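Beneath this line is the structure, given in structure tokens, with notes to follow.
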Amino acid sequence: MNRQTNLAELRRRFPLDFVWGVATSAFQIEGAARADGKGPSIWDEFCRVPGAIADGSNGDVACDHYHRLESDLDLIAHLGVRAYRFSISWPRIQPAGSGAVNEAGIAFYERLVDGLLARNIQPYATLYHWDLPAELQRRHGGWRARETAERFADYAQLVAGRLGDRIVSIATHNEPWVTAVLGHERGVFAPGVRDRRVAYQVAHHVLVSHGLALQAIRATSSKAEIGIVLNLSPVYPATDSELDAAHARLEDGRLVRWYMDALFKGGYPPDILEHLGTDAPAALPGDAELIAQPVDFVGVNYYNPTVSSSANAALPASSGAAVTDMGWEVAPQSLAELLLRLDRDYELPPLFITENGAAYQDDVVGGRVDDEQRRQYIESHLVAVADAIARGVDVRGYFVWSLMDNFEWAEGYRKRFGIVHVDYPTQRRTLKSSGLWYQALLTIPA
Ligand code: FCB
């Protein structure tokens with residue numbers, strides 16, 4: 001079988017109206033950190049904490065996407081994708097997190113959305129991909145205060161009011177687990193807090209803000225589908241000991257059930273509430289119903305399985321497994337397993353794989369980047385998605401993370417996830433061989 005046949009066969013495993021896309025987020029690509037009245041975000045500030053970012057970098061310039069919008073839109077169109085998932089920077093829209101719209105800031109997203117539509121690409125927007133206006137953090141501790149959830153609903157309404165007639169899909173949050181746990185329990189992401197009680201209060205307020213935003217968006221004339229994006233994975237015990245099994249069950253509760261049960265079963269999992277004890281969040285009457293309002297879709301971000309151990313040591317990937325440059329195990333079958341489990345355990349709206357991809361060290365050699373490992377990663381995960389669809393899971397789309405190399409949070413620019421290579425000193429973009437392969441898959445005649 002030649003490669004072309006393989007491609008055609010793979011493509012035929014997906015419905016004709018399947019949404020093929022690529023994804024990015026504002027802070028990771030835009031740069032222009034102070035342009036046109038943008039206020040600072042908690043990530044602008046976190047980058048200035050000595051030691052917070054592995055290479056000491058920040059998002060001031062990133063991929064300079066803000067100033068290269070038109071040529072980046074051409075690049076996205078060149079890939080042949082039907083959809084582009086991006087996030088909106090809240091401090092560009094409201095520099096201090098509340099009050100009037102910063103017109104110059106929203107104008108950028110108007111150009112982005114109109115530029116996508118002009119190229120026949122559907123805009124999939126995310127309202128919060130971690131760049132909280134720093135002023136809200138300063139004023140009342142950001143997400144630890146319920147007030148931030150209220151401000152978020154105002155912001156959601158502003159965006160939906162201005163762009164909701166053209167955006168196809170609005171996700172309220174990207175990966176609330178990361179905001180809560182990496183940002184407030186482990187402190188490795190902005191705002192760098194280490195306090196489990198605060199982390200769970202934050203997790204609750206983020207979900208409350210999702211519920212308030214749903215109501216606020218639905219009060220506008222926006223036609224966009226509305227949902228939320230979660231980072232989910234199967235959790236496997238490191239050994240077959242009872243202790244590890246119990247540990248994995250807790251980890252699954254903290255990563256998957258906390259969010260999925262709240263959104264689709266109307267309450268937090270009792271075993272996790274019991275485990276948290278006095279660290280469980282304070283909630284108001286009605287919060288559970290607010291959070292569990294119907295959504296139009298759920299976005300699943302999947303990279304690798306989670307291995308959970310009761311021993312408090314760093315875990316190697318399970319024996320001999322291939323790992324990416326992040327040290328993350330390559331396990332496509334875990335994606336199929338995850339999707340089947342979600343389908344079995346919950347009454348779900350349509351699913352989208354809103355992020356999937358891999359970091360590898362890439363070199364430009366003679367104008368080309370041969371990233372066969374990334375191509376294989378994407379291909380094998382698409383096979384897993386096709387398997388899940390064949391077994392009845394309603395997956396409507398797939399977005400590669402990422403369109404281009406970018407600022408990988410606490411890792412800085414050292415980890416490259418793009419199917420387009422970015423040479424940061426010159427900002428030159430080079431389509432990697434994985435990108436050429438994806439383009440071939442998407443543009444194959446039906
Ligand atoms: C996800 C984030 C995304 C990117 C990938 C690698 O958790 O949503 O911004 O950093 O990981």
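Numbering starts at 1 and runs along the sequence shown. Since the model is a prediction, treat every value here as computed from it, not as a measurement. Counting starts at 1 for both ligands and their atoms, following the listed order.
Considering backbone and side-chain N/O atoms, E408 comes within less than 3.5 Å of an N/O atom of ligand 1. Inclusion of N174 in the set of residues having an N or O under 3.5 Å from an N or O of ligand 1 is warranted.
With hydrogens and angles left out, the side-chain atoms of Y268 and H204 include a donor and acceptor closer than 3.5 Å. Side-chain atoms of T148 and H140 include a donor-acceptor pair closer than 3.5 Å. A donor and an acceptor atom, one from each side chain of Y109 and S89, are nowhere located under 3.5 Å apart.
Residue-level proximity to ligand 1 for M326 is absent, since no heavy atom of it falls below 4.0 angstrom.
Atoms of ligand 1 lying under 4.0 Å from at least one heavy atom of F417, given by number and element, are 6 (C). Heavy-atom contacts of H129 reach the following atoms of ligand 1: 2 (C), 3 (C), 8 (O), 9 (O) (cutoff under 4.0 Å). The contact set between ligand 1 and W130, taken as ligand atoms under 4.0 Å from a residue heavy atom, comprises 2 (C), 7 (O), 8 (O). Of all atoms in ligand 1, numbered sequentially from 1 with element shown, those under 4.0 Å from a heavy atom of Q28 are 3 (C), 4 (C), 9 (O), 10 (O).
Under 4.0 Å is where a charged nitrogen must lie from a carboxylate oxygen, and between R429 and D72 at least one such pair does. Using a cut-off of 4.0 Å between Lys/Arg side-chain N and Asp/Glu carboxylate O, K38 and D44 are scored as salt-bridged. Between D17 and R396 there is no salt bridge, since none of the side-chain N atoms of the basic residue sits less than 4.0 Å from a carboxylate O of the acidic one.
Considering each of Y303, W409, Y302, the one bringing a non-hydrogen atom nearest atom 11 (O) of ligand 1 is Y303.
With hydrogens left out, the protein atom closest to atom 7 (O) of ligand 1 is E175 OE1, 2.6 Å, a heavy atom. Protein heavy atom in closest approach to atom 1 (C) of ligand 1: E355 OE1, 3.2 Å.
Within the 4.5 Å cutoff, the side chain of P176 has heavy atoms near those of the I228 side chain.
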